[in-house]
Amino acid sequence: MPAPERIPPERMSTASRSVARPAAEATRRLIAQGTLTVHGQITEASNAVLFGTVEHEGIVLPCVYKPVAGERPLWDFPDGSLAQREVAAYEVSRATGWDLIPATVLRDGPYGTGMCQAWVGEPPDASETGSDQGGGEDAREEGAQPGGAQEDGTGENPAPLLALVDEQEPGEGWKAVGFADVGGGRTALLVHADDPALRRLAVLDAVINNGDRKGGHLLPRPDGALYAIDHGVTFHVDDKLRTLLWGWAGEELTGEAVEALRGLSRQLAAGAELAARLAELLTDAEVEAVRGRVEALLSSGAHPLPSGDWPAIPWPPV
């Protein structure tokens, strides 16, 4: 990337001091209203993912921009776009009050309409981006360390959320997912942390029917916050839940989760604001399926179990 296209560090620090948390409404307004500039491409994945900044009223915020024109069609998702589903996932996340997904909007950009999302963590430097226009998934997935820990630029790494262990049972503070082939005729137990924020995300994924929850999509922060990215393969009307977060499968939902689901149920009622926003992003059948999944979770009172009709765990897990 030519030096003039690089992002001045002092402007980035101005943004970090001035902008609210990544999932906040103030951040959403900024990325929706700001001037979007592309600085490079996140390479080596299946769809066009561009790194850029949005600037509004003197505040500069790093962002991810995924133009619809750079999406590769999915045979089993013939309607809508990845970008629309990413925005819909953010809307549902905001409605729960958990703010697990960075602010995400559908907006115009240099390469047409696309998804624009607030960047979480340190932005990439020139060595991590390219100028060609192929594309891939978010670079934040490429930069993730095993277990979901990610360097934040301060020398601190959050505690890992995922691990492979040479044990038959998970240790204290961990939940078992299943055994994985690690090569050489060996298997290891895949575990995830018994973490409250991660458990909220497991509920959110069940609501949005996430078909691709990998470890690299988890962005834990040193302050304890957890953000999740890459939600283009969501909201299918059929059960497509494929995740690494099966550790609570069949267990009773927390009281907090039940309250969040009841709130979602109200906000998904015909004529409610969330229902109206989702109707602009998803098909009628997909919106109705969201309602059905919320009601099913409330009726069962438990985390869902794998259906058996679809691979339950994405691979590779990162």
Side-chain angles (χ1 to χ4, degrees), residues 46 73-80 82 85 88-89 92-93 96 100 137 147-148 161-165 167-170 174-183 185-195 198-218 228 230-254 257-258 260-261 264-265 268 282-283 285-318:
S46 55
L74 298 175
W75 67 268
D76 55 341
F77 283 82
D79 299 311
L82 300 174
R85 291 188 286 274
V92 174
S93 172
T96 63
L100 292 166
E137 295 305 312
L161 296 175
L162 297 164
L164 285 166
V165 298
E167 306 290 344
Q168 295 297 307
E169 298 291 338
W174 295 89
K175 305 290 286 187
V177 179
F179 288 95
D181 183 351
V182 294
R186 294 177 56 248
T187 60
L189 182 64
L190 177 63
V191 298
H192 65 67
D194 190 5
D195 177 84
L198 206 59
R199 189 167 188 172
R200 295 181 193 116
L201 184 60
V203 175
L204 176 64
D205 280 344
V207 171
I208 66 176
N209 199 14
N210 193 348
D212 194 34
R213 173 59 72 213
K214 295 178 179 177
H217 301 165
L218 306 175
D230 286 344
H231 296 94
V233 188
T234 49
F235 294 104
H236 203 284
V237 295
D238 298 328
D239 183 2
K240 297 280 188 179
L241 186 59
R242 192 170 62 159
T243 176
L244 295 180
L245 306 182
W246 287 115
W248 298 283
E251 291 189 16
E252 185 177 351
L253 294 169
T254 65
V258 171
L261 290 167
L264 273 182
S265 181
L268 287 166
L282 306 172
T283 66
E286 287 169 335
V287 175
E288 187 58 37
V290 177
R291 294 190 182 102
R293 288 191 293 271
V294 170
E295 296 308 318
L297 286 166
L298 285 170
S299 177
S300 71
H303 288 266
L305 295 163
S307 68
D309 298 327
W310 179 255
I313 298 175
W315 202 261
V318 175

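- Shortest non-hydrogen contact noted between Leu282 and Val287 is CB-CG2, 4.0 Å.
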Trace of the side chain to side chain contact (heavy atoms under 4.5 Å, CB included) decision for Asn209 with Glu286 = CA-CA 10 Å; Asn209 199 14; Glu286 287 169 335; over 6 Å; no
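- Ala89 and Ile208 make their closest contact through CB-CD1, 4.1 Å (heavy atoms, listed as atom of the first residue, atom of the second, distance).
- Here Leu100 contributes atom CG and Leu201 contributes atom CG; the two are 5.5 Å apart, rounded to the nearest 0.5 Å.
- Taking CG of Leu218 as the start and CG of Leu245 as the end, the distance is 6.5 Å to the nearest 0.5 Å.
- In summary, of the residues considered (Ile313, Val191, Leu189), a side chain to side chain contact (heavy atoms under 4.5 Å, CB included) with Val177 occurs for Ile313 alone.
- Atom NZ of Lys175 is separated from atom CG of Asp194 by 5.0 Å, given to the nearest 0.5 angstrom.
- For the pair Trp246 and His192, the tightest heavy-atom approach, listed with the atom from each and the gap, is N-NE2, 3.9 Å.
- Residues Val290 and Leu264 fail the side-chain proximity criterion, which asks for heavy atoms closer than 4.5 Å.
- Under the side chain to side chain donor-acceptor pair (under 3.5 Å) rule, Asn210 has a single partner from Asp205, Thr243, Asp230, Thr234, which is Asp205.
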Let me see the working for Leu261 and Leu253 under side chain to side chain contact (heavy atoms under 4.5 Å, CB included), right down to the final yes or no.
-> CA-CA 10 Å; Leu261 290 167; Leu253 294 169; 3.8 Å; yes
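- Contact check for Leu82 versus Leu74: side-chain heavy atoms found under the 4.5 Å cut-off.
- Between the Arg85 side chain and the Val233 main chain, no donor and acceptor come within less than 3.5 Å of each other.
- Remark: Glu252 CD is loosely packed, at most 12 non-hydrogen atoms of other residues, nucleotides or ligands lying under 6.0 Å away.
- Atoms CG and OG, on Leu305 and Ser300 in that order, are 9.0 Å from each other to the nearest 0.5 Å.
- The two atoms that bring Ala312 and Pro306 nearest to each other are CB-CB, 3.9 Å, heavy atoms only.
- No side-chain donor-acceptor contact under 3.5 Å links His303 to the backbone of Arg199.
- Closest of all the heavy-atom pairs between Leu241 and Pro304 is CD2-CG, 4.0 Å.
- For the atom pair CZ of Arg213 and NE2 of His217, the computed distance is 7.5 Å after rounding to the nearest 0.5 Å.
- The nearest pair of heavy atoms linking Arg242 to Pro314 is CG-N, 3.4 Å.
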Let me see the working for Lys240 and Asp76 under salt bridge (charged side-chain N to carboxylate O under 4.0 Å, His left out), right down to the final yes or no.
-> CA-CA 10 Å; Lys240 297 280 188 179; Asp76 55 341; 3.6 Å; yes
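- Atom CZ of Phe235 sits about 14.0 Å away from atom CG of Asp79, to the nearest 0.5 Å.
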